[in-house]
There are 2 protein chains.
Amino acid sequence: MTAETRPVDHVIAQARAFLGDRITTNAAIRDQHSRGEDTTTPVQPDAVAFAESTEEVSQLLALCHRHGVPVTAFGAGTSLEGHVTPVRAGITLDLSRMTTILEVSQEDMDCLVEPGVTRHQLNDHLRDQGMFFPVDPGSHCTLGGMVATRASGTNAVRYGTIRENVMGLEVVLADGRVINTGSRTRKAANGYDLTRLIIGSEGTLGIVTKIRLRLQGIPEATSAAVVQFNDLKGCVESVIAVMQLGVPVARIELLDQAQMRACIAYSKLENLEPLPTLFLEFHGTEAGVREQAESVQAITTEMGGLGFAWAADLETRNKLWTARHNAYWAALASQANSRAITTDICVPISRLAEALLGAQEDVDASGLSCLTVGHVGDGNFHTLILVDQDDPTALDRAWALDRKIVARGLSLGGTCSGEHGVGIGKAEFLETEHGPEALAVMRSIKTALDPKGILNPGKIFRN
Amino acid sequence: MTAETRPVDHVIAQARAFLGDRITTNAAIRDQHSRGEDTTTPVQPDAVAFAESTEEVSQLLALCHRHGVPVTAFGAGTSLEGHVTPVRAGITLDLSRMTTILEVSQEDMDCLVEPGVTRHQLNDHLRDQGMFFPVDPGSHCTLGGMVATRASGTNAVRYGTIRENVMGLEVVLADGRVINTGSRTRKAANGYDLTRLIIGSEGTLGIVTKIRLRLQGIPEATSAAVVQFNDLKGCVESVIAVMQLGVPVARIELLDQAQMRACIAYSKLENLEPLPTLFLEFHGTEAGVREQAESVQAITTEMGGLGFAWAADLETRNKLWTARHNAYWAALASQANSRAITTDICVPISRLAEALLGAQEDVDASGLSCLTVGHVGDGNFHTLILVDQDDPTALDRAWALDRKIVARGLSLGGTCSGEHGVGIGKAEFLETEHGPEALAVMRSIKTALDPKGILNPGKIFRN
């Protein structure tokens with residue numbers, strides 16, 4: 001090392017002692033870790049460390065803390081808001097090898113997993129035990145990433161988001177100390193809720209190394225259905241009516257005409273038309289599922305639904321939900337050479353029609369190619385704005401449209417992010433949404449827990 | 001004022017400007033605010049301030065912050081853990097006059113209330129609108145107090161605790177700044193979860209001045225039932241089986257023999273015997289309620305339940321649940337001149353029999369009069385230890401028993417407090433439960449938000 005050795009070089013050299021070749025400056029690996037599935041400008045970290053244990057994470061963080069080197073956690077790299085882009089370089093801490101399912105309890109319907117476990121891996125593991133984990137973002141993301149971004153998915157309308165389904169965490173703090181948060185009980189009034197503070201903190205307050213999750217019993221009966229509409233208005237008003245009537249649907253997903261066209265092509269949904277569509281699922285007892293479906297059918301028929309196509313058998317259901325989960329990829333595939341900006345607004349259910357139909361008007365006025373899909377039972381939808389990578393003005397025009405849709409969402413009492421998180425992409429909206437004083441409180445908590453600001457700098461807060 | 005004027009005297013004098021005679025040093029009023037419903041040593045505040053608006057709370061806190069004067073929030077005074085005892089005197093901030101229900105939305109099933117609104121007031125207000133607020137501690141507490149202590153009650157097994165039913169808060173910070181937390185949406189991934197941080201912070205991080213609550217639709221059908229058992233074991237094992245089978249009971253409450261004897265006398269439950277008993281309630285559609293009840297009846301019969309007494313009509317149900325909610329008062333009335341210490345452990349459901357039967361053994365060995373009642377579907381129960389106020393050794397013996405029951409709860413993976421909060425009474429257990437590092441993180445958050453330590457000092461943390 002020369003006299004000009006940078007702090008990060010000290011970290012890399014010293015981390016070799018316990019990580020060996022699992023800390024690397026290989027250019028291809030750094031490039032793979034330069035951003036997620038978003039449109040942020042890629043930034044290569046100085047090195048990528050593949051940790052395999054809490055102890056290694058702790059040692060690495062202690063080192064980075066001592067030398068003031070940024071640390072950006074990385075799981076499956078599926079972030080849509082720039083969370084994993086290491087904007088100030090430093091070390092990217094890849095947790096995707098921490099994939100052990102440590103405990104599963106059928107008696108208490110919970111499990112303990114490492115952060116690199118994906119929801120698919122967990123549900124495959126649980127299948128024979130009559131349980132499942134309900135939170136299902138539309139990507140092969142890790143549970144650590146889901147905790148970090150306060151993720152949800154299609155089942156949240158019934159089972160809640162990851163916020164409601166995490167019981168406790170093991171977290172490595174910025175200086176390497178390890179804490180356990182929460183409790184294995186269904187409820188607790190035992191001091192500050194550090195679990196909920198870490199959930200959604202996007203790797204800026206600590207690195208999650210173990211997660212205790214609540215599990216659900218596989219329902220006695222499951223049934224799915226598809227309803228198509230001639231117009232978006234009837235489609236969204238059906239959703240509002242279903243929710244206001246309190247029907248406990250397990251899933252109620254909306255896909256607009258453009259998104260349906262893309263999904264039909266990508267996932268070969270031959271029986272469906274490119275029309276505004278609801279995908280529905282019902283969980284419960286045989287009688288309960290029948291009751292729910294009858295209620296929804298009555299509502300959608302009244303709102304102009306074109307029939308109610310059942311998907312009762314497992315194969316048809318799987319095809320339907322796989323198509324739904326692949327909506328993002330279907331959208332990207334619908335236009336060559338494109339990436340996407342994704343809005344993620346969430347509004348009170350009574351304002352959903354205004355938000356969604358308003359976004360549609362903005363889209364029409366913009367001239368950009370957009371597709372809309374939403375977890376509409378929660379008031380949350382995504383307008384995917386396709387960005388032609390060869391068009392130098394496209395990205396700016398896409399952001400302008402994104403801002404317009406978000407501003408309307410906020411004006412309707414909504415939030416800029418229902419489930420993707422803030423990252424870089426939504427940071428500009430936080431002050432409008434929360435006000436400067438609440439944001440100052442968040443900053444003061446950040447400073448208290450990470451005084452040197454090494455954990456995922458440049459995210460959530462604009463600098 | 002003399003040269004010896006204390007800081008609190010400055011606060012009192014200056015607060016007169018905006019509170020008038022709503023800040024008082026009247027001895028009787030100070031005495032009423034010297035403790036809650038617990039056994040802590042009473043401490044009189046220097047003055048009691050009755051705030052009627054956020055602006056007044058803000059002005060008062062800014063004053064107290066400037067002068068370094070402690071502020072203890074007070075609602076209905078029903079704390080069981082010393083939360084409202086102003087251990088370092090100063091100002092007690094009584095919010096019980098802030099009783100306005102500001103908004104109710106049937107469309108979005110939510111409402112906005114001031115902190116002095118009680119759950120009874122809210123539910124009376126909502127009754128005609130087909131909605132209710134489900135969180136129901138067994139006292140006439142305020143919603144502000146419930147937020148502060150992360151309260152729950154008999155319905156939590158189905159509807160969650162107040163943690164799951166608060167959407168956002170208005171909070172006055174230690175220095176008088178006002179923030180809004182959360183969102184009016186069903187979910188949000190929009191930065192640190194300040195709402196959940198404030199819930200359960202027991203007035204140590206800020207004073208809650210507005211609360212946005214999620215409401216529930218009144219179920220189409222409701223039915224209640226009572227099952228008695230010859231022994232506690234069959235009773236608790238029935239609960240475990242019901243929960244493990246995933247029956248979505250709305251309430252499943254256990255009362256032991258002693259508690260039943262007290263409730264029969266206090267609430268005139270002539271048809272019931274002093275035996276271990278389950279009180280149950282089912283919510284849903286007509287068919288759903290029937291299915292649930294049949295499942296539970298089959299389980300309890302197998303576990304030795306002595307019949308299944310229906311309480312389908314509203315009057316019988318109300319009598320039953322009023323008796324349940326008055327269990328604490330029934331216990332106190334069962335022995336003259338007594339106060340009570342209340343354990344509040346909560347354990348994973350698989351360990352409930354060990355926790356409850358173990359507590360019973362400890363009680364038997366102690367020679368103290370105890371009554372047990374529990375939100376057992378959540379793994380939470382209270383052993384009320386009666387303390388004869390004329391027996392100088394009784395309080396110490398009661399605390400020794402309390403420690404034994406809590407220690408077993410912790411060793412079974414449980415928490416020292418399911419719903420009453422930490423206050424003074426449970427502070428000694430927090431380090432064992434969370435570990436010193438997690439407790440240090442909580443302290444660092446406390447310091448970040450309340451650097452002068454004026455908000456409810458001496459609670460949660462032992463000094």
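A, B, ... follow the sequence lines: proteins, then strands. Residue 1 opens every chain.
A donor-acceptor pair shorter than 3.5 Å cannot be found between the side chains of B:Ser417 and A:Asn190. Donor-acceptor pairing under 3.5 Å is lacking for the side chains of A:Lys187 and B:Thr161.
When all heavy atoms of B:Ala448 and A:Ala448 are compared, the closest pair comes out as CB-CB, 3.9 Å.
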Q) Could you walk me through whether A:Ile199 and B:Arg196 pass the side chain to side chain contact (heavy atoms under 4.5 Å, CB included) check? A) CA-CA 11 Å; A:Ile199 294 172; B:Arg196 248 51 57 179; over 6 Å; no

Q: Run the numbers on A:Tyr192 and B:Ile460 for side chain to side chain contact (heavy atoms under 4.5 Å, CB included), then give the verdict.
A: CA-CA 9 Å; A:Tyr192 302 163; B:Ile460 300 183; 3.7 Å; yes

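In this structure, chain B has no heavy atom under 4.5 Å from any part of A:Leu439. Only the side chain of A:Phe461 comes within contact range of chain B, with at least one heavy atom under 4.5 Å from a heavy atom of that chain.
Heavy-atom pairs under 4.5 Å with chain A peak, among B:Thr185, B:Ile445, B:Ile179, at B:Thr185. Taking B:Thr181, B:Leu205, B:Thr195 one by one and counting their heavy-atom pairs under 4.5 Å with chain A, the maximum is reached by B:Leu205. In terms of non-hydrogen atom pairs under 4.5 Å with chain A, the most contact-rich of B:Gly191, B:Gly217, B:Ser183 is B:Gly191. With chain B as partner, the option from A:Lys446, A:His375, A:His434 having the largest number of non-hydrogen pairs under 4.5 angstrom is A:His434.
The CG atom of B:Leu412 sits 11.0 Å away from atom CZ of A:Arg184, with the distance rounded to the nearest 0.5 Å. Taken from CG in A:Asp193 to CG in B:Leu194, the straight-line distance is 12.0 Å, to the nearest 0.5 Å.
Counting heavy atoms from C-beta outward, B:Ile349 and A:Arg186 have side chains that stay 4.5 Å or more apart.
Side chain of B:Gln244 to main chain of A:Glu107: a donor-acceptor pair is present (N/O by atom type, distance under 3.5 Å, no hydrogens or angles).
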